[in-house]
Structure formats: structure tokens, C-alpha cells
Amino acid sequence: MPAGRRYNPFRMIITIDGTVGSGKSTAAAGLARRLGATHLDTGAMYRALTLKALETGVPLEDPAALAAMAAATQIDLDGTPGAQRVRLDGKDVTQAVRENRVSVNSHYLARTAEVRKILVAKQREFAARAGNIVTEGRDQGTVVFPNADVKFFLDATPEVRARRRQEELQARSEYKSFREVFEEVTQRDLRDSTRAADPLRQAEDAVRIDTGDMTIDEMVDVLVEEVRRRVKEAT
Ligand code: C5P
């Protein structure tokens with residue numbers, strides 16, 4: 001919790017940023033569930049727009065066309081931890097946004113500053129309507145909610161993250177070699193951390209956690225403990 005800030009038990013903002021496959025979504029869902037908070041998966045917003053561009057033929061290399069599309073798109077997330085539904089212009093795309101073609105093409109939308117502006121505004125509106133919220137992405141602690149109460153930055157070695165990502169794909173019957181997944185993961189990290197618009201970086205006041213050797217339960221326990229410690233300190 002930033003110094004001098006008073007803790008409001010009904011309006012806590014907790015951010016989780018990190019690399020591809022670091023466990024952000026699982027950690028955010030688990031933490032939100034334990035705290036009775038809303039879960040905002042901001043990656044799902046970039047994914048929904050990527051899916052729309054792919055399906056409607058909007059050129060991914062044309063920032064103006066992507067921004068116009070983003071401005072005219074309705075994205076709804078319901079915020080249920082662990083069972084969040086994603087709606088794109090009224091249609092349920094929860095499964096479709098997880099396809100690998102969406103993952104590997106999301107950098108076009110993510111690097112477009114005008115698109116980010118639109119999505120950042122949506123993320124802040126979403127948080128303003130929520131009570132306690134756990135929000136995850138790449139820029140949540142740095143750009144979107146710089147005054148968040150607790151910030152986390154999750155990471156693990158590229159090998160561990162590629163292995164997790166490969167398992168995730170397999171669970172959806174998408175089979176790829178480890179080498180191929182490893183290349184995709186490191187390429188996505190590089191793009192996320194080197195783009196000009198809101199690149200992935202750790203906020204100065206974020207707690208860094210290496211999730212490589214942790215089970216899901218251990219990871220969530222560490223986050224819950226840290227939040228509880230901060231709340232206790234501030235009250
Ligand atoms: O986290 P997830 O893999 O679902 O995010 C999909 C893509 O959206 C990422 O590869 C990243 O480039 C982008 N993203 C972003 N900023 C966020 C969340 C996701 O640029 N806050």
C-alpha cells in the first residue's frame with residue numbers, strides 16, 4: 001500500500017502484471033476468489049479485438065483501422081473469478097479468444113496506442129463499477145492503476161512458462177512442439193517489453209514473485225498473505 005494511503009476495505013485495487021505463462025490469470029482468479037473480489041482479465045480485451053480483426057478482415061498492420069474497430073466494439077467481461085465469460089458485440093467468445101492464432105496475433109492490437117487508450121478507459125470504468133478488484137495484464141500497476149493498493153509482478157524462467165503454455169494448448173487439443181511454443185513465448189515477451197506504448201515492466205512498488213517452483217495453491221497463498229499483511233499494516 002503506498003505510504004500515507006488509507007485502506008478502504010471495500011475499494012481495494014490489486015494489480016498483477018507479468019510475462020506470458022507466469023501464472024497471472026490463475027493467480028488473479030485464485031486471489032479474487034479468496035478475497036471475494038472481482039477479477040478483470042485485461043488480456044481478454046486485447047484478445048477479443050484480435051479475434052474480431054481476424055474474423056472480419058480488418059488489416060492488423062493498419063493502426064487507424066484497428067482503432068476505429070476498437071471504438072466501435074462492445075466488449076463485456078463479467079468478472080467472475082475463474083469462470084469469467086467474454087462477450088464480443090453480444091456474442092460469447094470465451095473459448096475462441098484462447099485460440100493460439102489469437103495469442104500470436106494479439107501484439108498488433110497491443111502495440112497500437114489508440115487501441116490501448118480505448119481499452120485503458122474501459123478497464124478504469126470496469127474498476128470504478130467494482131468493489132474490490134484484482135486486475136491482471138501487462139500495464140496494470142504501471143499505467144492503468146498507478147495508485148493501486150497492492151501490486152504484484154509474476155515471472156518464471158522461459159522454459160517453465162513455455163512448458164505451462166504447451167500444456168494449456170494440449171488441454172484444448174492444440175498440439176505443438178516444445179521448441180515452437182518456446183519461440184512463441186519468448187517472441188511475445190520481447191514484443192510486450194519492447195513496444196513503445198505501455199510496455200511490460202515491473203512497477204517500482206510491485207512485489208516480484210518467481211512462480212517457477214510453486215503450485216497454484218502455493219502461489220495464491222503467497223498473494224493472499226501479502227495482501228493481508230498490507231491491510232494489517234495499514235489499519
Ligand atoms: O495475458 P494474455 O496473454 O491473455 O494477453 C494477450 C495479449 O494482450 C498479450 O500478449 C499482450 O500483448 C496484450 N496485453 C497487453 N496489455 C494488457 C494485457 C494484455 O498488451 N494489459
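It should be emphasised that the depicted structure is a prediction, and the values quoted were computed from it without experimental measurement. Read the numbers this way: they start at 1 and go in the same order the structure lists the ligands and their atoms.
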**Q.** N-O pairing of Lys176 and Glu184 below 4.0 Å
**A.** yes

**Q.** salt_bridge(Arg165, Glu168) N-O dist < 4.0 Å
**A.** yes

Q.
To check you understand the geometry: which heavy-atom pair defines the closest contact between Glu114 and Ala67, and what is its length?
A. CB-CB, 3.6 Å

Q | Nearest heavy atoms of Ser106 and Thr50, plus distance in Å | A | CA-OG1, 3.4 Å

Q) Would Lys52 and Asp89 satisfy side-chain contact (heavy atoms from CB on, under 4.5 Å), going step by step from the backbone distance to the final call? A) CA-CA 9 Å; Lys52 181 165 177 175; Asp89 295 325; 2.7 Å; yes

Q) Hey, is the main chain of Ala156 close enough, under 3.5 Å, to the side chain of Thr211 for a donor-acceptor pair? A) no

**Q.** Residues in the immediate environment of ligand 1 (any heavy atom closer than 4.0 angstrom)
**A.** Thr42, Gly43, Tyr46, Arg47, Arg98, Ser106, Ala110, Arg116, Gly137, Arg138, Asp139, Gln140, Arg188, Asp192, Arg195

